[in-house]
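Notes follow the structure.
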Amino acid sequence: MLGVYLATVPPTVGIWSSLFNLYNVFGAIAAILVISYLVYNVVKYRRREGHDEAVEERGEEKVNWRKVLFTLAITSSVLFVVELQTFNSVPLIVPPQSSDPLNIGVVGHQWSWTFVYPNGDRLVGNLTVPAGRVVILNITSTDVTHSFAITGLDVAVDANAGRYNSLWFTAPDAGSTYTIRCKELCGVGHAFMTAKMTVVDQATFNAWIQSTGGKPGS
Amino acid sequence: MKIATTLIVWVYLVTATILEVVIYSEFPGSTLINLSIGILAASKAVLIVMYYMHLKYEPRPIQYLILPPTFLVAVLILTLVFSVGH
Amino acid sequence: MDPINGGQARIMNSWLRRWLFTTYHKDIGLLYFVTSLWFGFIGSILALLIRTQLSVPGNTLLSPGSYDQAVTMHGLIMILWFLSPLAIGLANYFVPTQIGAADLALPRLNALGYWLYLAGGLMAALGFFMPGGNANSGWTSYAPLSSAQYSPGPGPTFAFAGLILLAVSITLGSVNFLLTIAYLRAPGMTFSKMPMFTWFIAFTMLQMLLAFPTLISALLMLMADRVIGTFYFTSSSGGALLWDQLFWFFGHPEVYVVLLPAFGVVAEILPVFSGRHLAERKVILGATALIVVPLSYLVWTHHMFITGINLSTQEVYSVSTLIISLPFDLIILAFIGTMTRGRISLKTPMLFAIGSILLFIIGGITGVFLSSFVLDVVFRGTYYVVAHFHYVMVGAAIFGLIGGIYYWLPKMTGRMYNERVGKVHFVLSFIGFNLLYFPMFFLIDMPRRYSTYPADAGWTGLNQLATVGAFIFALAQIGLVYNLVSTVRSGPIAPPNPWGAETLEWTSPVSEQPVSTGRDDNRMGGSGLWDSPLRAVLPIGTPHQNIGSSTGPILGMGAGGMPGGGTKGDYAHGAEHQSSRPVSLGLAAVVSVLGIGLLQYWYGLPVLFLGGAILAWTLVGWARDDLHGRFSIDELLGQRWPFHETVKLKLGMWIFLTTEVVVFGSILGSYLFIRSQVPYWPAPGSIHDIPLGLTNTLVLLTSSLTVVVAVHAIREGNQRLLLAGLCSTFILGAVFMGIKGSEWYQLFHLENAFNFTAGLPASVYYFTTGLHGAHVLAGMLVTLYLIKRTLNGGFSKENHFAVENFGLYWHFVDILWVFIFPLFYLI
């Protein structure tokens, strides 16, 4: 299913955007219908000068159950459809069963991100990942709560001290770059707590990780 | 409510409390024991509410008043404890 | 002495006395109204600062630190010191008049609520002037950013303590309003006839009642962390997730707390200006009562989808969030349906009501988007969320409430506002609002609370649109201010019922003077009031002044300095209705909070003691007022369904106890959460002395028995046994506190001192038992009062409800210990 996108669209983006589109379609239709009904009523039944005819009184306190049930039925079927699609989109937050995922640790601290590679290498502010491979980030914080988000990949999760949260993604195109931001207010540096993610091909990645491997800090 | 009922409730409260301590000191630590201590405490609370706070003798609307907060606290605690981990 | 100046001084003095000491619901309503508008003004200035800062990328107008404070306090002030209190102001003024009650059930408590609200707001605003500035961790005050380590200084402490005062004020207020609506409806005012505004205020109060106690607990724990160094929110075991849960357990119902009063206003305005009855009234009420109110407590975790809670919790709360959109669907369609085949008069109140509905439709639908835990991955923490909740809180809530201001202004002032200015106000507000917030729906990748942003992020254009909208929206509010001021000063005299409304508040005289019998219970006498012809000007209470008199009785603050517009004599009726105790308690709160916030300096402790002294002096005074019957409370049996046989104060106590259940439930819940997260916990018996704890438990259980004996005695008229019971209770309480004190002393002097900062087990132990001990102490003080009153012969076979009510409280405190003992000593 995701294969079609893989060439250009990251799978997480594919899942999120199609879900968003579905919500947008139903949301827009609902908004237009209800607002039109409102505006129609206001315009149609506006009191006009010189037309002070008496108003037909509404039968008081009589509930139109058929209308209520009809409304509930329509709304709940729409809600059911979109919620079903949300449940179907759970793969966005649950890492796929991949034979060979790349696990990288992420530590948030006021006000930068540190990335810990499998070889023990730690890099501040720069995440390099191989193209086309499932990457799993295990995210934590050493101080306040941050929220790790990669703009353009539609993935995010909070970074809490003493706990690990994870997210996954696959970046398809070598050579592309992404901006990593913090989405939770974390102090005066919040707006500047960014990092850069670079996607390289697997061979370059292997070469790079061997060249830096074992060096402490960076 | 008769004064005798009051005394019986008091005797139960004291006995249950002592029982809690006995249970703890005989078999400390297991979940089952913790649970039974919890049940004893809850039974004491119910007796106090029913007899000392004479909820048993109040009109229905007042009796129901205490249910929503108890329910909400239960939901809060369950969510707190079970929302983390699996 | 110059007689003229002397006269002015007297008038001034009487003016001051009125506003400081009033317990009359309309006066307090006006106080809330005016104060909340001032806080709204402060919040708007902060909002304009935010929008100006974000108008260009890389702006340096505000430093990141100042920006964080502006964002934080904008949120807190607008939601808690502007929106809710504005609604409470209108509710204070109109709920009693709508149900035919002469005042709220507990007027002094009402006044106390206002002064605590103001005290809290002043403390929160004072934070800006402290070294290190004000709270800066967002209105959500996420831990551990809000801790002393990351937000040091007195400013945040003031803000959080101010929040506690506010939350206490709101909790007391909700007890009071619920009691009033349950108890003081005029004969014939059945629930089925009750006006929609009163209904929605009742719903709002039900929400406040059980939501704010969690905020109180969370803030108390936060204050303990900040002031005495406990670890509730700073350890990684409790920490961020614990705060998130507690905060949003309060925070989500709070959204409805803000929204529902506006819905009540809209439900009043729509039928009146459509010339029709409200459509599907029963559906609206049923949907709100059965689904919105209960379910609003069960959706809070949707604010936490990406905090790391597990998938099944996300799924459950996503579904519950969806379900809560169904009743709103019915409500909105009923609102719109009300206009069908009507004759819609587009006066200013109606315009704002329609605007409120329209904006709520957009806010509501985008809310469905946010219920999707997958979509929320991207939305969370971005401007999409900001746009959504401003559509609900500003769009639906403020537009609705402004509609209410215009609707009731003729009633409150006796004068008409300027319709043309009102319409311009609406049009500019509507345009400005949409220009301000609609662009934010497209800022899906811009995180909230960014103090600035880079030019290459592509956010500049949308932000600039929003800023332009913000200024249009803000300038439009000059229309509101102009209308308020000019109506009060020189508006044309309004007819008693300008809109042809059918609710009871319009049948009372335009300009009323406070009515008082000097008693707390002021239910309106006479029957058949409800059935009287509409628009009849009923003589309620004292004779009222001529509507056309030149001294406009305007908002109580009009020309001439003497509110109420009359001579001094007019207000003399109110003297017995005045009490200096509420404002004095407010002062005690301010001074105490100052002391707590400044504890790091040498003068903090003396200030705190001063606050304590004012508190003690006030409480003694309050007790003396009661002993001398200066403000006695009528212990009438309930006569309104469903509370036929209940005593008013007993019902009040039970409602209050529900809030206490939530306070302690969330505290014990926090303890259980921490226990479930911490791998190591000291074994039972290794720290706490079990025999001592057992003894203390038995002491407290026995003190409950003595209270039961006391109540039993006075029911049979036996004053001596009552005295003996009360004295034994006091002594047993003192023994309990003594043992507790010696336990704390021993723990502090252990080899590895088990003090406040000795780790999580110590944190939860001292906090929980400390708060419980404070409750015992408060109970002992009440016992002293009861003993004094018994000695004065203040209780009899017929009159003993104070003893019973104290019993309820004391038993409740006993029950708390029944749980605390095994949880802390045995498990």
Side-chain angles (χ1 to χ4, degrees), chain B residues 1-3 5-7 9-11 13-14 16-18 20-21 23-25 28-29 33-35 37-38 40-49 51-55 58-86, chain C residues 210 214 241-242 245-246 249 294 297-298 301 304 308-310 312-313 642-646 650-651 654-655 657-659 661-662 665-666 668-670 672-673 676-677 683-685 690-691 694 697-698 701-702 704-705 707-709 712 807-808 811-812 814-815 818-819 821-823 825-827:
Chain B
M1 188 174 57
K2 293 201 182 85
I3 203 87
T5 326
T6 313
L7 283 172
V9 170
W10 181 76
V11 170
L13 295 176
V14 170
T17 311
I18 294 171
E20 283 171 8
V21 177
I23 291 178
Y24 150 73
S25 47
I33 293 309
N34 287 346
L35 198 67
I37 291 181
L40 274 175
S43 73
K44 285 155 67 183
V46 168
L47 277 186
I48 296 179
V49 171
Y51 290 96
Y52 284 7
M53 297 168 89
H54 37 84
L55 196 62
E58 299 291 355
R60 279 272 161 81
I62 285 210
Q63 292 181 336
Y64 292 153
L65 263 184
I66 210 71
L67 295 180
T70 317
F71 173 73
L72 287 183
V73 164
V75 172
L76 175 63
I77 292 177
L78 288 176
T79 306
L80 268 171
V81 174
F82 291 109
S83 65
V84 189
H86 296 290
Chain C
L210 301 182
T214 323
L241 281 180
L242 178 61
Q245 298 270 14
L246 295 177
F249 185 87
Y297 286 111
L298 305 175
T301 308
M304 302 175 55
I309 56 171
N310 55 33
S312 41
T313 310
F643 296 105
H644 299 290
E645 298 147 44
T646 322
K650 191 199 270 183
L651 181 61
W654 273 107
I655 298 178
L657 288 181
T658 62
T659 70
V661 169
V662 179
S666 41
L668 293 180
S670 306
L672 290 172
F673 177 70
S676 76
Q677 298 296 307
I690 295 176
L694 175 64
T697 311
L698 298 181
L701 287 174
T702 310
S704 259
L705 180 69
V707 171
V708 175
V709 169
H712 207 267
L808 291 179
H811 298 313
F812 177 78
D814 195 6
I815 289 175
V818 160
F819 287 109
F821 171 63
L823 281 176
Y825 288 78
L826 300 180
I827 287 176

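Values below: every heavy atom of this structure, side chains too, minus hydrogens, waters and symmetry copies. All chains are named by letter (A, B, ...) in the order of the sequence lines, taking the proteins before the strands, and each is independently numbered beginning at 1.
Contact annotation for C:L701: both backbone and side-chain heavy atoms come within less than 4.5 Å of a heavy atom of chain B. For C:S676, the part sitting under 4.5 Å from any heavy atom of chain B is the side chain, from C-beta outward, and nothing else. The parts of B:L80 that come within reach of chain C are both its backbone and its side chain, each placing non-hydrogen atoms under 4.5 angstrom from that chain. Heavy atoms of C:L823 lying under 4.5 Å from chain B are absent altogether. Residue C:L651 touches chain B through both its backbone and its side chain, counting heavy-atom pairs closer than 4.5 Å. Only the side chain of C:T697 comes within less than 4.5 Å of a heavy atom in chain B; its backbone stays farther off. Looking at B:V49, both its backbone and its side chain come within 4.5 Å of chain C, counting heavy atoms on both sides.
The most heavy-atom pairs under 4.5 Å with chain C, out of B:L78, B:I62, B:L65, come from B:I62. Taking chain C as the reference chain and counting heavy-atom pairs below 4.5 Å, the highest number among B:P69, B:A41, B:S83 is found for B:S83. Most heavy-atom pairs under 4.5 Å with chain C: of the set B:L72, B:V14, B:V9, B:V81, this distinction falls to B:L72. Contact tally against chain C (heavy-atom pairs below 4.5 Å) for B:L55, B:T79, B:I18: the top residue is B:T79.
At a threshold of 4.5 Å between non-hydrogen side-chain atoms, the residues C:S666 and B:L76 count as touching. Contact check for C:V818 versus B:T17: no side-chain heavy atoms found under the 4.5 Å cut-off. Looking at heavy atoms from C-beta onward, B:L40 lies in side-chain contact with B:I23 at the 4.5 angstrom threshold. Looking only at side-chain heavy atoms (C-beta outward), B:W10 and C:V708 stay at 4.5 Å or farther from each other. Counting heavy atoms from C-beta on, the side chains of C:T702 and B:L13 never come closer than 4.5 Å. Contact check for C:W654 versus B:I66: side-chain heavy atoms found under the 4.5 Å cut-off.
Judged by distance alone, the side chain of B:Y52 and the main-chain N or O of C:F812 form no donor-acceptor pair under 3.5 Å. Formation of a donor-acceptor pair under 3.5 Å by the B:Y24 side chain with backbone atoms of C:P684 is found in this model.
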